[in-house]
Amino acid sequence: MIGVGIAGMLGASAQTLAADYRNSPQVTEFVEEMTRDYGFASEQLYALFADVERKQAILDAISRPAEKVKPWKEYRPIFITDKRIAQGVEFWNKHQAALEKAEAEYGVAPQFIVAIIGVETFYGGNTGSWRVMDALSTLAFDYPPRAPFFRKELREFLMLTREEQVDPLSLKGSYAGAMGLPQFMPSSFRAYAVDFDGDGHINIWSNPTDAIGSVASYFKRHGWQAGGQVASRVQVSGARVDEGLTQGLDPVKNVAELRALGWNSQDRLAEDVPVTAFRLEGAEGDEYWFGLPNFYTITRYNRSVMYAMAVNQLAELLVEARGNR
């Protein structure tokens with residue numbers, strides 16, 4: 001990342017806020033907070049906000065009614081494609097050294113790191129085209145339902161650009177402010193992203209090595225178990241099967257308790273392992289699965305059973321495809 005940081009954003013005075021945010025009490029309050037609590041200079045922040053644009057398209061996108069949740073048989077083909085597998089193998093081969101280093105340091109096997117980046121941004125091919133500063137400001141100041149969350153992320157974003165000495169207006173991401181190859185929100189960047197190539201900067205936008213290390217760091221910090229299985233297919237029987245289904249994502253029953261309800265894994269699992277028990281509507285009928293502790297870790301990246309399954313199955317297919325070369 002190349003930029004001048006907030007210290008170089010001195011192109012305007014406090015009175016010249018752009019029309020989008022001129023005389024905005026919210027912006028004034030935010031600038032005062034950043035000045036008082038985090039040591040920013042108010043004139044520099046006002047100069048920065050003079051160039052920030054409110055984006056109606058972002059408000060339209062985030063306010064859109066949620067799509068009906070797709071069943072697994074429709075969700076899976078979106079992410080498990082021949083093209084995504086082939087490009088994943090290419091990414092793995094190109095960045096093999098960094099992936100092996102990540103596994104050595106964090107215990108996360110390469111296929112899972114590659115799969116995350118593949119699902120999130122197609123290996124960096126689609127990292128978002130919105131200026132992060134515009135996206136977070138629009139949502140922090142003009143989207144009341146989630147304003148506190150995005151205001152916090154805006155604060156974290158300004159702090160990370162100060163720490164990395166980057167022009168805040170130079171960085172792009174999704175309409176919600178997710179950034180780089182792994183689509184980290186600013187708070188996740190500051191908590192988990194790493195300078196994996198040792199060049200003195202953390203760059204998850206155009207440096208795959210830093211992105212790889214950062215995903216591995218995130219997984220490790222959220223409980224990833226090196227060498228651990230992610231999910232296990234289950235056969236079910238009896239009248240109490242539905243009693244075993246996990247409500248939400250947090251595992252509340254272990255393997256032994258679920259076996260008593262008619263859930264039987266095809267794998268040898270320890271009786272006391274806590275699992276997320278779920279049913280998916282597959283192309284050939286209902287599928288029953290145990291999500292093991294590493295499955296739960298993947299859901300900490302994106303709180304969705306189907307997301308975690310897509311990552312896991314893409315990872316398995318990447319190993320298979322790479323082995324067949």
Side-chain angles (χ1 to χ4, degrees), residues 1 3 5-6 9 12 14 16-38 40 42 44-67 69 119-121 126-164 166-193 202 204-205 211 214 218 299-304 307:
M1 295 186 290
I6 286 185
M9 302 298 297
T16 59
L17 278 180
D20 289 345
Y21 289 114
R22 180 176 291 145
N23 301 322
S24 165
Q26 294 186 88
V27 173
T28 300
E29 180 186 1
F30 180 78
V31 168
E32 289 176 352
E33 175 194 346
M34 298 303 291
T35 302
R36 180 186 67 247
D37 297 342
Y38 301 99
F40 285 81
S42 61
Q44 293 171 6
L45 289 178
Y46 281 120
L48 172 61
F49 278 108
D51 289 322
V52 172
E53 299 176 3
R54 177 187 184 275
K55 296 295 186 181
Q56 184 61 42
I58 288 176
L59 295 172
D60 293 342
I62 204 164
S63 302
R64 216 171 275 138
E67 289 185 17
V69 177
V119 167
E120 289 291 341
T121 61
N126 181 21
T127 58
S129 58
W130 299 98
R131 291 196 309 185
V132 177
M133 192 69 200
D134 290 341
L136 294 177
S137 296
T138 296
L139 295 170
F141 304 132
D142 289 297
Y143 186 61
R146 298 193 68 195
F149 170 79
F150 286 108
R151 180 171 169 143
K152 175 179 72 72
E153 292 298 336
L154 179 58
R155 181 179 72 235
E156 295 282 336
F157 179 68
L158 290 175
M159 292 174 74
L160 84 82
T161 59
R162 180 173 65 179
E163 291 160 357
E164 295 298 320
V166 184
D167 176 356
L169 297 175
S170 72
L171 301 179
K172 294 186 177 181
S174 76
Y175 73 80
M179 309 177 300
L181 277 74
Q183 292 290 276
F184 276 14
M185 291 299 288
S187 58
S188 291
F189 181 103
R190 294 192 68 233
Y192 310 113
I202 303 174
I204 61 172
W205 287 265
S214 297
Y218 188 101
T299 67
R300 300 295 298 280
Y301 204 99
N302 183 316
R303 294 190 64 80
S304 161
Y307 175 91

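From a predicted model like this one, the values you see are computed outputs, not experimental measurements.
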Once you round to the nearest 0.5 Å, how far does CD of Glu53 lie from CG of Leu169?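 These two atoms lie 9.5 Å from each other.
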The reported gap from CZ in Arg54 to CG in Asp134 (rounded to nearest 0.5 angstrom) is 12.0 Å
| request: Go through Met133 and Leu154 one step at a time and tell me if the side chain to side chain contact (heavy atoms under 4.5 Å, CB included) criterion holds. | output: CA-CA 7 Å; Met133 192 69 200; Leu154 179 58; 3.8 Å; yes
Return the orientation label for the Phe184 and Tyr218 ring planes: parallel under 30°, perpendicular over 60°, tilted otherwise.
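Aromatic pair Phe184/Tyr218 classed tilted.
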Closest non-hydrogen atom pair, [X] against [Y]:
X: Pro186; Y: Phe157; result: CB-N, 3.6 Å
X: Ser137; Y: Phe49; result: OG-CE2, 3.5 Å
X: Thr121; Y: Gly180; result: CG2-O, 3.5 Å
X: Ala135; Y: Gly177; result: CB-N, 4.2 Å
X: Ser214; Y: Ala193; result: OG-CA, 3.3 Å
X: Leu136; Y: Ala176; result: CD2-O, 3.8 Å

Only residue of Glu153, Arg151, Met159 satisfying side chain to side chain contact (heavy atoms under 4.5 Å, CB included) with Arg155 is Met159
So if I apply the side chain to side chain contact (heavy atoms under 4.5 Å, CB included) rule between Asp142 and each of Ile58, Leu59, Asp20, which one comes out positive?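 With Asp142 as partner, side chain to side chain contact (heavy atoms under 4.5 Å, CB included) holds for just one option, Leu59.
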[X] (side chain) donor-acceptor with [Y] (main chain) under 3.5 angstrom:
X: Ser174; Y: Gly128; value: no
X: Tyr307; Y: Tyr301; value: no
X: Glu164; Y: Ile202; value: yes
X: Gln26; Y: Phe141; value: yes

- Sequence neighbours excluded, which residues qualify as side chain to side chain donor-acceptor pair (under 3.5 Å) partners of Asp37?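 With neighbours one apart ignored, the set is empty.
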Side chain to side chain donor-acceptor pair (under 3.5 Å) filter on Arg190, not counting sequence neighbours, yields Glu156, Glu163
| field | Trace of the side chain to side chain contact (heavy atoms under 4.5 Å, CB included) decision for Thr161 with Val132 | value | CA-CA 11 Å; Thr161 59; Val132 177; over 6 Å; no
Checklist entry - What's the verdict on side chain to side chain contact (heavy atoms under 4.5 Å, CB included) for Glu33 and Tyr38, showing C-alpha distance, side-chain angles and the deciding distance? => result CA-CA 8 Å; Glu33 175 194 346; Tyr38 301 99; 4.0 Å; yes
message: Is it the case that the side chains of Gln183 and Thr127 hold a donor-acceptor pair, with the cut-off being a distance below 3.5 Å and no angle test?
response: no
| query | Within a strict 4.5 Å, meaning less than it, do heavy atoms of the Phe30 and Leu158 side chains meet? | reply | yes
Subject >> Any pair counted as salt bridge (charged side-chain N to carboxylate O under 4.0 Å, His left out), so long as it reaches residues 170-186, sequence neighbours left out >> reply: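 Listed once each, the pairs would be none.
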| said: Between Thr138 and Tyr143, is the side chain to side chain contact (heavy atoms under 4.5 Å, CB included) condition met? List the steps. | reply: CA-CA 7 Å; Thr138 296; Tyr143 186 61; over 6 Å; no
